[in-house]
There are 2 protein chains.
Amino acid sequence: MATGRSHRPATRSRGIPEATVARLPLYLRALTALSERSVPTVSSEELAAAAGVNSAKLRKDFSYLGSYGTRGVGYDVEYLVYQISRELGLTQDWPVVIVGIGNLGAALANYGGFASRGFRVAALLDADASLAGRLVAGLPVRHIDELEAIVADNQVSIGVIATPAGAAQEVTDRLVNAGVTSILNFAPTVLSVPDGVDVRKVDLSIELQILAFHEQRKAGEGRQEPDGDVPAVMPA
Amino acid sequence: MATGRSHRPATRSRGIPEATVARLPLYLRALTALSERSVPTVSSEELAAAAGVNSAKLRKDFSYLGSYGTRGVGYDVEYLVYQISRELGLTQDWPVVIVGIGNLGAALANYGGFASRGFRVAALLDADASLAGRLVAGLPVRHIDELEAIVADNQVSIGVIATPAGAAQEVTDRLVNAGVTSILNFAPTVLSVPDGVDVRKVDLSIELQILAFHEQRKAGEGRQEPDGDVPAVMPA
DNA sequence: TAGATTGTTAATCGATTAACAATC
DNA sequence: TAGATTGTTAATCGATTAACAATC
């Protein structure tokens, strides 16, 4: 993962496991690449390799969506692209607002994966009034005071938070009050939201720390465990 | 989590589960905040609330590290900060290189969580020669041709890839050849790496797609399931 | 038909959680 | 001692995977 979430129960009504949902975008990306190369069909083995997963897992994942393959043949690429897109809700338009237009917000605004695949950046918002009007990724930055009106006018249900940590909770509260029910949080804070609001968190330093853990273990391979050490700080 | 990974077995030598490792940075962040407020001790209940997890899970997680709490009292904040930092390998210095200094690379370079917590940006690299020498976050951008020398001279073991998708695999190969054994990948591609190299992936559009899935389910709550529909595209 | 590949079963494994004995 | 809270057990739940019958 990337990392934190706060959801309803792990499986939903028709019962697609959360772990499967998280992999559907991977499959979709691999399928889109095949589609662009005009590959008509693909086997679970090939597609799994392209997506970087085990083929049994892929077939199990697809079995939650329905029986979209043909035994002895494989999967029709275009058909599967459509089915997965529909399952993920990407056949409809999702207006999003990005709050906090620093380097990260600008990177997100420019990110190609946003504009394609059903997501439309409805507005870029920042608390810095001197940024207002500046064009980022072809869109004018607007002042945070316009948040409520923009969310209402564009029926925005997804907000992306790229503000400093200190501003994230207040921005969240305003987004939620204005009607946003899904939040992608890049600020390094735990957000509190009411029931029914989904938060996903992307945390750069957490990913790095997880790598450091494994890196340390590699370096220590076969060496003496440094764990019996007298701690540098003792409990009170 | 963010999302993809490619690891050795889920638990390691002394057997800390991967899910626990992924939460240690969350605990560390909450503890650091308490430390800054000079809070001396904290109970599992309080700390769990601050980190956004279940307190039983937190106690179980800590039990893998050792018995660092005091029954009836709680955990000594400073002591626990030290133990978790040590477990994560943050008591040593980790030089990292960031490759691809667009908006995202610049955001990463400026990210406070990098500089603190044991990580040190050894260099910023970009393929665009016209960027060379420009200061980003106080560091000069250097040309990608210097990659091998920089990795060797600084004993860099962690690389961060913020290039376009098309460049990511080649950059990965060069990093790995130069000696890097952990990669944090922001490019939307599956990277192939030899055994012994860890890759973690952060994928903005995947996170958004997962949100869209849940958002769609919310919108459809109590409505007719649209699944029996005649598909718009039929299999070949 | 023979070969290929799906969809599903069942075993296994890892993660979560409530509950509570241990103990400060 | 009485109250509080940890550390651990055991039950449960969800995810992964190999294997193979079904079937194109």
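All chains are named by letter (A, B, ...) in the order of the sequence lines, taking the proteins before the strands, and each is independently numbered beginning at 1.
Among residues at least two apart or in separate chains, salt bridge (Lys or Arg N to Asp or Glu O under 4.0 Å) pairs with a member in residues 159-187 of chain B are B:E148-B:R174.
Among the nucleotides C:dT16, C:dT8, D:dA18, the one closest to any side-chain atom of A:S63 is C:dT8. The listed nucleotides are C:dA10, D:dT6, C:dT6; the one nearest the side chain of A:R59 is C:dT6. Minimum atom distance to the side chain of B:E18 is reached by C:dA15, of the listed C:dG7, D:dA15, C:dA15. Of the candidate nucleotides D:dT9, D:dA15, D:dT16, D:dT16 has the atom lying nearest to any side-chain atom of A:K57.
With sequence neighbours excluded, the residues forming a side chain to side chain donor-acceptor pair (under 3.5 Å) with B:S44 are B:R59, listed by chain and number. A search for side chain to side chain donor-acceptor pair (under 3.5 Å) contacts involving A:T91 returns nothing, not counting sequence neighbours. With sequence neighbours left out, the ring pair (Phe, Tyr, Trp, His ring centres under 6.0 Å) criterion links A:F186 to no other residue. In terms of the side chain to side chain contact (heavy atoms under 4.5 Å, CB included) criterion, residue partners of A:D93 (sequence neighbours excluded) are, by chain and number, A:P95, A:R120. In this structure A:Q155 satisfies the side chain to side chain contact (heavy atoms under 4.5 Å, CB included) test with no other residue, sequence neighbours excluded. Remark: A:T32 engages A:R117 in a side chain to side chain donor-acceptor pair (under 3.5 Å) (not counting sequence neighbours). B:A165 is linked by a side chain to side chain contact (heavy atoms under 4.5 Å, CB included) to B:P188, B:T189, counting only residues two or more places apart in sequence or in another chain. Residues satisfying the side chain to side chain donor-acceptor pair (under 3.5 Å) criterion with B:N185, sequence neighbours excluded, are absent altogether.
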Practice task
Would you write the dot-bracket representation of DNA chain C, where each base gets (, ), [, ], | or . depending on whether it forms a Watson-Crick or G-U pair under 3.5 Å and with which partner?
Solution key: ..||||||||||||||||||||||

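The distance between the ring centers of B:Y79 and B:Y68 falls below 6.0 angstrom.
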Please enumerate all protein N or O atoms sitting under 3.5 Å from an N or O of nucleotides 21-24 of chain C, with distances to 0.1 Å.
| residue | atom | partner | partner atom | Å |
| --- | --- | --- | --- | --- |
| C:dA22 | N3 | B:R71 | NH1 | 2.9 |
| C:dC24 | O4' | B:R71 | O | 3.4 |
| C:dC24 | O2 | B:R71 | O | 3.4 |

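Less than 4.0 Å separates DNA chain D from at least one heavy atom of each of the following residues of residues 42-51 of chain B: B:S43, B:S44.
When each of B:I84, B:L24, B:L28 is checked for a side-chain contact (heavy atoms from CB on, under 4.5 Å) with A:Q209, only B:L28 meets the rule.
Within the nucleic acid shown, B:F62 has no heavy atom closer than 4.0 Å to any nucleic acid atom.
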